[in-house]
**Q** 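Before we start, here is the structure in question, set down as structure tokens.
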Amino acid sequence: MTTAAKPTTIRVDETLKAQANEILGSIGLSYNAYVVLATHQLVNQRRIPFEMVAASETKEPGLLPEEA
């Protein structure tokens with residue numbers, strides 16, 4: 001049994017969304033489909049579907065330890 005999808009609005013930087021759309025388009029996904037897939041992963045795994053790491057004070061902000 002499926003339920004009706006409810007429209008949702010999210011705010012994303014135009015440049016970031018354009019970059020994401022370019023990548024997603026190359027693999028045949030829309031931005032909306034990606035958001036739905038990521039949301040399914042969140043619910044199924046009960047966690048954010050990617051690693052989240054706080055930057056240390058001695059490393060560049062936003063870089064994972066292996067990238068710094």
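FYI, side chains are in, hydrogens and waters are out, and symmetry mates aren't considered; it's all heavy atoms of this structure.
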**Q** Run the side-chain donor-acceptor check on residues 10-22: report pairs under 3.5 Å with partners two or more places apart or on a different chain.
**A**
residue: Asp13; atom: OD2; partner: Thr15; partner atom: N; Å: 3.1
residue: Asp13; atom: OD2; partner: Leu16; partner atom: N; Å: 3.1
residue: Asn21; atom: ND2; partner: Lys17; partner atom: O; Å: 3.4

**Q** Suppose clustering is done on Ile, Leu, Val, Met, Phe, Trp and Tyr with side-chain heavy atoms closer than 4.5 Å. Which residues sit in the same group as Ile23?
**A** none
**Q** Kindly give the heavy-atom pair with the smallest separation between Tyr31 and Leu24, and that separation in Å.
**A** CA-CD1, 3.8 Å
**Q** Determine all donor-acceptor pairs shorter than 3.5 Å in which one atom belongs to a side chain in residues 36-48; sequence neighbours excluded.
**A**
residue: Thr39; atom: OG1; partner: Val35; partner atom: O; Å: 2.7
residue: Asn44; atom: ND2; partner: His40; partner atom: O; Å: 3.3
residue: Gln45; atom: OE1; partner: Arg47; partner atom: NE; Å: 3.3
residue: Gln45; atom: OE1; partner: Arg47; partner atom: NH2; Å: 3.3

